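Structure first, then comments.
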Amino acid sequence: MKEYTVLTINPGSSSTKIGLVQGDKVVLNKEIDHHKEDFEGCKTFADQEPIRTKLILDTLKENDIDISKINAVSGRGVGLYPCEGGTYEIDDLVYEHASNDIAGIRHPATLGIVISYKLSKQLGVPAFFVNPMPTDELCDEARMTGIPGIYRAAKSHPLNQKQVAIHHSELMGKKYEDCNYVILHLGGGTSITAHQKGRMIDGNRAGDGQGPMSPNRSGDICIDDVVKCVKKGMTVEEVKEYASSKGGLLAWCGTDDLRQVKEMIKNGDERAKLAYDAMIYGMIKWTSMMAGAMMGKVDGILLTGGMARDEELVKRITDGVSWIAKVYVYPGSFETEALGFGAIRVLKGEEKAKKYTGKPVWDGFSFDK
């Protein structure tokens, strides 16, 4: 059977990660660093596209990659309306929505689709996105709040989480669609989600003031906490920043580098220790909640992300949740694999590419109409 080769593109604020996935292996995994002067004169993220594209092509050339051998391009899916998980073709509508950032993300990650689309045209190959950031598979109960007309959105790390779930299921000789997992993505932001039979039915809203404290996010804050912050003189925007990028360990310890926090604890910093302990406590609590969302029917608890390299943190979470199910650890990020393997499954005919509709997958209940 033909061994397909897929170029993956994953843009970030200060770098663009590219990969080359061939068959069942990642044969190239590079991070192209960017500097402020690289984008001098760029008024929008869209203006950065030709610069990033040239750097990608230059990097491939430097690594002796024959681009004529590439069978598809797969980019990170950001800037779109919410849709179900899976592998999608990047067509004109997808390109238009990502180019205009229809979701209002305001992040260079939207260029994942834009660059992939343009490169695919240049190379004469198909382009895909996989398990996009706005993946929405919530069950109806998880959407509800106690305020009519106000509903919870799905916000987590589907690209990495679903790849880890698919990989783990294969190791167990099973299919992701037949299993139930609680998956913890442990990064600067932590998302803990319930995966039931291949769908992410519930989870915290990482970056929106819900979930466990993490290295740079506040975790759970209630409306009374927000009111207190405002009464102390903070603006609503400042409160949001604590929730999404300036809270958690960063606020308590002055750093969101877990290694530095552990060093502070080693040197007797009681505040750092309590913040670290509280973060782990929240992770254990939210894992139990997501197990409850699946009525306790859990086949495994999977830990992934950068913090899954912290042996103490992993051991303490394991000690706290192993009564639910066995814990498995997959440290780091598997986004390159996710983008590549998702496209390869389609190229091999194992999975059919989905078509983006241009409308949110969920747009209210019938009684709202």
Side-chain angles (χ1 to χ4, degrees), residues 12-14 36 39 42-45 78-79 82 101-110 133-134 142-157 184-193 202-286 289 305-307 313:
S13 297
S14 58
K36 188 177 291 185
F39 304 128
C42 294
K43 295 181 180 179
T44 67
F45 293 129
V78 179
D101 189 13
I102 203 75
I105 298 298
R106 298 181 185 85
H107 192 279
T110 55
M133 190 181 80
R143 297 188 189 280
M144 291 289 284
T145 74
I147 304 176
I150 301 296
Y151 300 115
R152 293 180 64 239
K155 291 189 178 181
S156 58
H157 297 85
L184 289 75
H185 176 98
L186 307 170
T190 292
S191 59
I192 302 178
T193 54
D202 202 351
N204 67 299
R205 290 170 61 173
D208 280 354
Q210 185 186 49
M213 183 195 304
S214 69
N216 55 37
R217 302 182 189 183
S218 69
D220 289 325
I221 50 176
C222 72
I223 188 63
D224 190 54
D225 299 326
V226 176
V227 171
K228 286 179 180 177
C229 288
V230 172
K231 285 183 176 179
K232 287 174 62 176
M234 293 173 61
T235 65
V236 173
E237 288 73 24
E238 287 171 334
V239 178
K240 175 65 176 175
E241 283 187 331
Y242 271 101
S244 62
S245 61
K246 293 184 178 180
L249 298 183
L250 179 60
W252 280 107
C253 307
T255 178
D256 57 1
D257 186 326
L258 193 60
R259 294 164 298 185
Q260 294 181 20
V261 172
K262 297 294 290 289
E263 191 64 28
M264 292 168 68
I265 295 171
K266 185 179 177 181
N267 292 331
D269 191 318
E270 294 182 4
R271 188 162 71 165
K273 182 180 185 306
L274 182 55
Y276 179 71
D277 291 346
M279 180 177 71
I280 295 173
Y281 172 85
M283 292 170 178
I284 293 170
K285 181 171 68 173
W286 267 89
M289 289 169 63
M307 285 198 294
L313 180 141

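The chain is numbered in sequence order, starting from 1. Bear in mind the structure is a predicted one, so any value in this text is a computation, not a measurement.
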Could you go step by step and tell me if Leu184 and Leu186 meet the side-chain contact (heavy atoms from CB on, under 4.5 Å) rule? CA-CA 6 Å; Leu184 289 75; Leu186 307 170; 3.8 Å; yes
Can you establish whether the number of heavy atoms outside Lys262 located under 6.0 Å from its atom NZ is more than 12? yes
Can you name the salt bridge (Lys or Arg N to Asp or Glu O under 4.0 Å) partners of Glu263, sequence neighbours left out? none
Any Leu313 side-chain heavy atom under 4.5 Å of Met279 side chain: yes
Sorted by chain and residue number, the side-chain hydrogen bond (donor to acceptor under 3.5 Å, both in side chains) partners of Thr145 (sequence neighbours excluded) come out as none
Under the rule for side chain to side chain contact (heavy atoms under 4.5 Å, CB included), what residues qualify as partners of Met144, not counting sequence neighbours? Tyr151, Phe365
Using the side chain to side chain contact (heavy atoms under 4.5 Å, CB included) criterion, which residues pair with Cys42? Sequence neighbours excluded. Phe39, Asp47, Gln48, Ile51
What is the ring orientation for Phe45 with His107, classed by angle as parallel under 30°, tilted 30 to 60°, or perpendicular over 60°? tilted
Contacts of type salt bridge (Lys or Arg N to Asp or Glu O under 4.0 Å), residue Arg205, not counting sequence neighbours: Asp208
Nearest-0.5 Å distance, CD of residue Glu241 to OG1 of residue Thr235: 7.5 Å
With sequence neighbours left out, which residue pairs that include part of residues 277-286 fulfil the side-chain hydrogen bond (donor to acceptor under 3.5 Å, both in side chains) condition? Asp220-Trp286, Lys273-Asp277, Asp277-Arg316
For Arg152, check salt bridge (Lys or Arg N to Asp or Glu O under 4.0 Å) against everything at least two apart and list the hits. Asp202
Return all side-chain donor-acceptor pairs below 3.5 angstrom for residues 211-219, not counting sequence neighbours, or 'none' if the list is empty.
from: Ser214; atom 1: OG; to: Gly188; atom 2: O; distance (Å): 2.7
from: Ser214; atom 1: OG; to: Arg217; atom 2: N; distance (Å): 3.4
from: Asn216; atom 1: ND2; to: Asp256; atom 2: OD2; distance (Å): 3.2
from: Arg217; atom 1: NE; to: Ser244; atom 2: O; distance (Å): 3.2

Closest non-hydrogen contact found for Thr193 with Ser156 is CG2-CB, 3.8 Å
Nearest heavy-atom contact between Met264 and Cys253 is CE-O, 3.5 Å
What are the two closest non-hydrogen atoms of Met283 and Thr190, and how far apart are they? CE-OG1, 3.9 Å
Applying side chain to side chain contact (heavy atoms under 4.5 Å, CB included), can you list everything that pairs with Ile102, at least two apart in sequence or on another chain? Tyr81, His97, Tyr356
Listed by chain and number, what are the side-chain hydrogen bond (donor to acceptor under 3.5 Å, both in side chains) partners of Thr255, not counting sequence neighbours? Gln260
Do Lys231 and Val227 come within less than 4.5 Å of each other through their side chains, counting heavy atoms only? yes
Mind checking the CD-CD1 spacing from Gln210 to Ile221? Nearest 0.5 Å is all I need. 10.5 Å
